[in-house]
Engineer: 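My questions all concern the structure below.
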Amino acid sequence: MPELPEVETVRLGLEKLLVGHTILVETHDTDKGFPNSSSDVEQFLVGAEVIAVRRRAKVLLIDLNTSYTLVIHLKMTGQLVYRGKESFGAGHPNESLIGALPDRSTRVTFELDRGAKLFFNDQRKFGWVRLLPTIEVPNIDFMKKVGPEPLEDDFTPKIFIERIRRRANTSIKAALLDQTVLAGIGNIYADESLWGAKIHPATHVKDVSDAELKKLFTEIQYVLRLAIEKGGSTDKNYVNAEGKKGSYIDFARVFRREGLPCPRHSDTLIVKSKVAGRGTHTCPRCQTIVKY
DNA sequence: CACTTGACCTGTCCGC
DNA sequence: TGCGGACAGGTCAAGT
């Protein structure tokens, strides 16, 4: 659920809300979600000021003025929600949308100056928070092997095609989900971009032409940019830094639209199947498996 | 090495 | 109504 557009939406919100705040207290329910030693927390987190909020792939990076960084992965059901005086005000237009926090999914609470708080919620407990020296962030295993950012200027169709061809004998969907090929695509945007490029997700990479991959590159960028513009996709859990849902799902062409008409063919219904071990949505008319 | 599957978790939904 | 099982899907470890 949190894929690149969702994490980027959280980042944009936290950049506005969190930078300049000082972290006063940190509490967490178990060490699983936040396994750092308490001495590190006391020394490099408590009293630290947030100076920047970055993103790499689906990972959030909250930089502190102690040269340490909070590294956060939301996985499937993670949320990072900020609550300040501006969030609570009586009569606030979004007051009714904002549930009371902490709730039973809250794993980590950061108490900030000016009466604000930051909550890390995670229903399924797959997500995690780590405190690392900023300079070591690029050296963690995930960062060393993760592929290029799909929306950066230096990511070109040529680079995309070269990298994805390394996965010649797997399905194109499995290759898109492989974070070492490119960063940030998950189940929603894999299905959406493959529909856009009219490629069936089960097609082996070796059976997809360069022209089709080039089209897929364009569709990936289009879908990711549109999703960021819409504040991401909320299927169930995802909310942004203010606790609000994203609206991309209202614009989705295939994802979670099984039984509904394909936007290209009003007489053909979207079907759901399983590809690369994931629920997969396709139009049986415009997406067919072709072998050369 | 390339590739696939299972584990990690909890809440929800579906069929009996 | 209650209950068991399938399902949701990001990443890593273990398996083929």
Side-chain angles (χ1 to χ4, degrees), chain A residues 1-11 28-35 55-61 71-80 99 102-108 120-130 137 140-147 149-150 162-194 201-208 224 227 232-239 245-246 248-249 252 254-259 271-282:
Chain A
M1 318 249 270
E3 305 179 28
L4 187 152
E6 289 73 33
V7 180
E8 179 63 15
T9 301
V10 173
R11 189 197 72 76
H28 53 271
D29 60 347
T30 67
D31 288 345
K32 182 175 180 296
F34 195 163
R55 177 189 61 76
R56 175 74 172 101
K58 301 171 190 171
V59 178
L60 276 165
L61 304 168
V71 184
I72 301 170
H73 202 309
L74 303 175
K75 291 289 181 84
M76 256 99 72
T77 56
Q79 307 174 330
L80 264 181
D103 63 24
R104 63 180 162 165
S105 74
T106 299
R107 311 257 97 87
V108 187
F120 174 65
N121 305 323
D122 188 12
Q123 179 186 100
R124 289 172 68 181
K125 304 182 182 180
F126 289 174
W128 44 259
V129 180
R130 307 249 189 295
V137 171
I140 64 177
D141 286 347
F142 179 86
M143 293 297 179
K144 278 195 289 192
K145 61 186 188 181
V146 72
E149 288 291 325
E162 276 171 16
R163 297 185 70 88
I164 205 159
R165 291 243 179 258
R166 302 188 318 194
R167 303 294 311 271
N169 290 308
T170 194
S171 66
I172 185 76
K173 177 159 180 175
L176 284 183
L177 295 173
D178 181 346
Q179 299 298 295
T180 70
V181 171
L182 77 165
I185 306 279
N187 206 37
I188 298 173
Y189 303 110
D191 282 5
E192 290 290 293
S193 57
L194 286 165
T203 311
H204 279 23
V205 173
K206 64 176 183 298
D207 296 323
V208 181
L224 294 179
S233 299
T234 295
D235 186 25
K236 287 197 163 116
N237 288 271
Y238 168 74
V239 294
K245 299 178 175 186
Y248 176 85
I249 210 85
V254 287
F255 190 79
R256 285 295 149 80
R257 288 180 49 80
E258 59 268 32
V271 297
K272 186 171 182 184
S273 60
K274 190 161 263 197
V275 177
R278 309 299 175 84
T280 296
H281 309 77
T282 53

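What's counted below: heavy atoms across the whole structure, side chains too, no hydrogens, waters or symmetry copies. Note on naming: letters A, B, ... go to the chains in the order of the sequence lines (proteins, then strands), and numbering restarts at 1 for each one.
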Engineer: For A/T280, which residues count as a side-chain hydrogen bond (donor to acceptor under 3.5 Å, both in side chains) partner, sequence neighbours excluded?
Structural biologist: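 A/T280 satisfies side-chain hydrogen bond (donor to acceptor under 3.5 Å, both in side chains) with A/K173 once adjacent residues are dropped.
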
Engineer: For nucleotides 10-16 of chain C, give me one character per nucleotide, 5' to 3': B if any protein heavy atom sits under 4.0 Å from the base, S if the only such contacts are to the sugar-phosphate, - if neither.
Structural biologist: BBS----

Engineer: Using the P atom as the reference point in each nucleotide, state the distance between B/dC9 and C/dA13 in Å, no decimals.
Structural biologist: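 To the nearest whole Å, 15 Å.
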
Engineer: Are any of the side-chain heavy atoms of A/L224 and A/P150 separated by less than 4.5 Å?
Structural biologist: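 A/L224 vs A/P150: side chains touch.
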
Engineer: Quick one: does A/I72's side chain get under 4.5 Å of A/L80's, heavy atoms only?
Structural biologist: yes

Engineer: Taking the P atom in each of B/dC1 and C/dT11, what is the distance between them to the nearest angstrom?
Structural biologist: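 These two P atoms come out 22 Å apart once rounded.
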
Engineer: Mind checking what makes side chain to side chain contact (heavy atoms under 4.5 Å, CB included) contact with A/A57, not counting sequence neighbours?
Structural biologist: A/F142, A/V146, A/E149, A/A183

Engineer: Within the structure shown, what part of the strands sits under 4.0 Å from A/Y189 by heavy-atom distance: base, sugar-phosphate, or nothing?
Structural biologist: nothing

Engineer: Just to verify, what does A/N121 make a side chain to side chain contact (heavy atoms under 4.5 Å, CB included) with, not counting sequence neighbours?
Structural biologist: A/Q79, A/V81, A/L101, A/D103, A/S105, A/T106, A/F119

Engineer: Using OP1 and OP2 only, check whether a side-chain N or O of A/K272 sits under 4.0 Å from C/dA8.
Structural biologist: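 Yes, within the criterion.
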
Engineer: Not counting sequence neighbours, which residues clear side-chain hydrogen bond (donor to acceptor under 3.5 Å, both in side chains) with A/S193? List them please.
Structural biologist: none

Engineer: Tell me, please, which residues at least two apart from A/R165 pass side-chain hydrogen bond (donor to acceptor under 3.5 Å, both in side chains).
Structural biologist: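 Partners of A/R165 by the side-chain hydrogen bond (donor to acceptor under 3.5 Å, both in side chains) criterion, ordered by chain and then number, come out as A/D210.
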
Engineer: Using the C1' atom as the reference point in each nucleotide, state the distance between B/dG6 and C/dA6 in Å, no decimals.
Structural biologist: 15 Å

Engineer: In dot-bracket notation, what is the pairing pattern of DNA chain C, taking Watson-Crick (N1-N3 plus N6-O4 or O6-N4) and G-U wobble (N1-O2 and O6-N3) contacts under 3.5 Å, with [ ] crossing and | for other strands?
Structural biologist: .|||||||.|||||||

Engineer: Quantified in whole Å, what is the P atom distance between nucleotide B/dC3 and nucleotide C/dG9?
Structural biologist: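 Going atom to atom, P in each nucleotide, I get 23 Å.
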
Engineer: Output the rounded distance in Å from CD (A/Q123) to P (C/dG9).
Structural biologist: 14 Å

Engineer: Under the side-chain hydrogen bond (donor to acceptor under 3.5 Å, both in side chains) rule, collect the residues that match up with A/H28, sequence neighbours excluded.
Structural biologist: A/E26, A/D31

Engineer: Identify the 5'-most and 3'-most nucleotides of DNA chain B with at least one atom closer than 4.0 Å to a non-hydrogen atom of chain A.
Structural biologist: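 Range of nucleotides within reach of chain A: B/dC3 to B/dG11.
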
Engineer: My understanding is that only residues two or more places apart in sequence, or in another chain, count here; which of them pass side chain to side chain contact (heavy atoms under 4.5 Å, CB included) with A/E162?
Structural biologist: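 Scan of A/E162 (side chain to side chain contact (heavy atoms under 4.5 Å, CB included), adjacent residues dropped) gives A/K158.
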
Engineer: Regarding A/A168, tell me which of base, sugar-phosphate or nothing describes its non-hydrogen contacts under 4.0 Å with the strands shown.
Structural biologist: sugar-phosphate

Engineer: Please name all residues satisfying side chain to side chain contact (heavy atoms under 4.5 Å, CB included) with A/T234, sequence neighbours left out, ordered by chain then number.
Structural biologist: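 A/T234 satisfies side chain to side chain contact (heavy atoms under 4.5 Å, CB included) with A/Y238, A/K245 only.
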
Engineer: If you assign A/R167 and A/R104 each to the DNA chain B nucleotide with the nearest heavy atom, which residue ends up on the more 5' nucleotide?
Structural biologist: A/R167

Engineer: Determine all donor-acceptor pairs shorter than 3.5 Å in which one atom belongs to a side chain in residues 2-11 of chain A; sequence neighbours excluded.
Structural biologist:
unit_1: A/E3; atom_1: OE1; unit_2: A/G186; atom_2: N; d: 2.7
unit_1: A/E3; atom_1: OE1; unit_2: A/Y189; atom_2: N; d: 3.4
unit_1: A/E3; atom_1: OE2; unit_2: A/N187; atom_2: N; d: 3.2
unit_1: A/E3; atom_1: OE2; unit_2: A/I188; atom_2: N; d: 2.8
unit_1: A/E6; atom_1: OE1; unit_2: A/E3; atom_2: N; d: 2.8
unit_1: A/E6; atom_1: OE2; unit_2: A/Y189; atom_2: OH; d: 2.5
unit_1: A/E6; atom_1: OE2; unit_2: A/S233; atom_2: N; d: 2.7
unit_1: A/E8; atom_1: OE1; unit_2: A/R11; atom_2: NE; d: 3.2
unit_1: A/E8; atom_1: OE1; unit_2: A/R55; atom_2: NE; d: 2.7
unit_1: A/E8; atom_1: OE2; unit_2: A/R11; atom_2: NE; d: 3.2
unit_1: A/E8; atom_1: OE2; unit_2: A/R11; atom_2: NH2; d: 3.1
unit_1: A/T9; atom_1: OG1; unit_2: A/P5; atom_2: O; d: 2.7
unit_1: A/R11; atom_1: NH1; unit_2: A/E15; atom_2: OE1; d: 3.4
unit_1: A/R11; atom_1: NH1; unit_2: A/E15; atom_2: OE2; d: 3.0
unit_1: A/R11; atom_1: NH1; unit_2: A/V53; atom_2: O; d: 3.1

Engineer: With heavy atoms under 4.0 Å as the rule, sort A/R256 into base, sugar-phosphate or nothing.
Structural biologist: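 The residue A/R256 makes sugar-phosphate contact but no base contact.
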
